[in-house]
Amino acid sequence: MEHKIVEIAPPGPVDSPRAHWPEKLRREFDENQFCGAVGNVLVSETDDVRVWHLSLPPGGWLTFHRHVLDYFWTTPSAGTARGYYQDGRIVDVHHYPGETRHFHHGKDEYFVHAIENVGDTELIFVTVEFLRGDNPPIPLADAVKLEHRRPSLASGCD
């Protein structure tokens with residue numbers, strides 16, 4: 001099995017790396033580049049880790065988000081993800097079941113990207129971020145946390 005990357009567009013010029021993107025995409029980058037939601041839903045968080053699930057149906061989209069923590073992701077599914085990166089690159093990444101990648105971010109290091117499912121199968125990822133690293137975690141909105149998405153378990157008998 002092979003991790004295959006196909007470049008769709010190279011990085012843009014340093015002074016305007018995303019100039020070749022459509023205006024709507026550039027605007028979405030500007031609005032979300034500091035977002036810390038690296039998946040659809042944060043399913044667990046401790047003092048040490050955040051565990052995310054990401055599920056994208058064909059044509060699905062995860063908006064731009066910033067990675068500042070050390071982390072890894074793994075996928076049980078095969079599929080093709082198109083990545084849009086802060087330097088203007090656009091790449092298609094062909095994933096295979098069981099693929100796992102690890103990333104390190106030193107002090108003040110980060111990267112920003114968005115993911116689009118351009119394949120014909122659902123993309124599924126589990127991402128684990130390590131909270132005790134060189135950078136502080138990005139604060140998250142309650143809306144991305146599973147605990148705030150669950151229906152009420154209260155009985156009608158209170």
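Keep in mind it's a predicted model, so treat the numbers as computed, not measured.
- V144 is connected to V38 through a chain of hydrophobic side-chain contacts under 4.5 Å among Ile, Leu, Val, Met, Phe, Trp and Tyr, so both are in one cluster.
- In this structure, I138 CD1 and C35 SG are separated by 7.5 Å, a value rounded to the nearest 0.5 Å.
- Panel note: side chain E28, backbone L25; no donor-acceptor pair is recorded below 3.5 Å.
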Check: Step by step, would you call Q33 with R66 a side chain to side chain contact (heavy atoms under 4.5 Å, CB included)?
Finding: CA-CA 6 Å; Q33 65 176 308; R66 182 173 295 244; 3.6 Å; yes

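- Between the E99 side chain and the Y96 main chain, a donor and an acceptor come within less than 3.5 Å of each other.
- Here R27 contributes atom CZ and N32 contributes atom CG; the two are 11.5 Å apart, rounded to the nearest 0.5 Å.
- A donor-acceptor pair under 3.5 Å links the side-chain atoms of R26 to the main chain of W21, judged by distance alone.
- Taking each heavy atom of H95 and T75 in turn, the nearest pair found is CB-CG2, 4.3 Å.
- Listed by chain and residue number, H67, H105, H113 satisfy the ring pair (Phe, Tyr, Trp, His ring centres under 6.0 Å) test with F111 (two or more places apart in sequence, or in another chain).
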For residues 52-59, which side-chain N or O atoms pair as donor and acceptor with protein atoms under 3.5 Å away, sequence neighbours left out?
{"unit_1": "W52", "atom_1": "NE1", "unit_2": "E129", "atom_2": "OE1", "d": "2.8"}
{"unit_1": "S55", "atom_1": "OG", "unit_2": "E122", "atom_2": "OE2", "d": "2.3"}

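- Applying the side-chain contact (heavy atoms from CB on, under 4.5 Å) criterion to T100, with sequence neighbours excluded, gives F72, T74, H102.
- The distance from atom CD1 of I115 to atom CG of L123, rounded to the nearest 0.5 Å, is 8.5 Å.
- In this structure, H104 and D70 approach most closely via the heavy-atom pair ND1-OD1, 2.9 Å.
- Partners of D108 according to the salt bridge (charged side-chain N to carboxylate O under 4.0 Å, His left out) rule, which considers only residues two or more places apart in sequence or in another chain, do not exist here.
- The two residues V41 and K145 come nearest to each other via the heavy atoms CG2-C, 4.2 Å.
- With sequence neighbours excluded, no residue forms a salt bridge (charged side-chain N to carboxylate O under 4.0 Å, His left out) with D30.
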Margin query: Between I5 and D92, is the side chain to side chain contact (heavy atoms under 4.5 Å, CB included) condition met? List the steps.
Written below: CA-CA 6 Å; I5 298 174; D92 283 356; over 6 Å; no

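- Neither L42 nor Y71 shares a network with the other; the hydrophobic side chains, linked directly or stepwise wherever heavy atoms of I, L, V, M, F, W or Y lie under 4.5 Å apart, form separate groups for each.
- Residues V43 and W73 fall into different hydrophobic clusters, defined by Ile, Leu, Val, Met, Phe, Trp and Tyr side chains chained together at heavy-atom separations under 4.5 Å.
- One finds the NE2 atom of H94 at 4.5 Å from the OG1 atom of T80 (value rounded to the nearest 0.5 Å).
- Between A114 and H65 the shortest heavy-atom distance is CA-CE1, 4.5 Å.
- V91 and E7 make their closest contact through CG1-CA, 4.0 Å (heavy atoms, listed as atom of the first residue, atom of the second, distance).
- Contacts of Y84 classified as ring pair (Phe, Tyr, Trp, His ring centres under 6.0 Å), with partners at least two apart in sequence or in another chain: W61.
- One hydrophobic cluster holds both F125 and F103 under the rule that ILVMFWY side chains link at heavy-atom gaps under 4.5 Å.
- Contact detail for N135 and E109: the closest heavy-atom pair is ND2-O, 3.5 Å.
- With values rounded to the nearest 0.5 angstrom, E45 atom CD is found 4.5 Å from R50 atom CZ.
- With values rounded to the nearest 0.5 angstrom, L131 atom CG is found 6.0 Å from L69 atom CG.
- The 12-atom threshold is exceeded at CG of D48, counting heavy atoms of other residues, nucleotides or ligands nearer than 6.0 Å.
- Side-chain heavy atoms closer than 4.5 Å link hydrophobic residues (I, L, V, M, F, W, Y) into clusters, and following such links, even through other members, never connects Y110 to V14.
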Item checked: V93/K4 under side chain to side chain contact (heavy atoms under 4.5 Å, CB included): CA gap, chis, key distance, verdict -> CA-CA 6 Å; V93 182; K4 181 179 168 188; over 6 Å; no

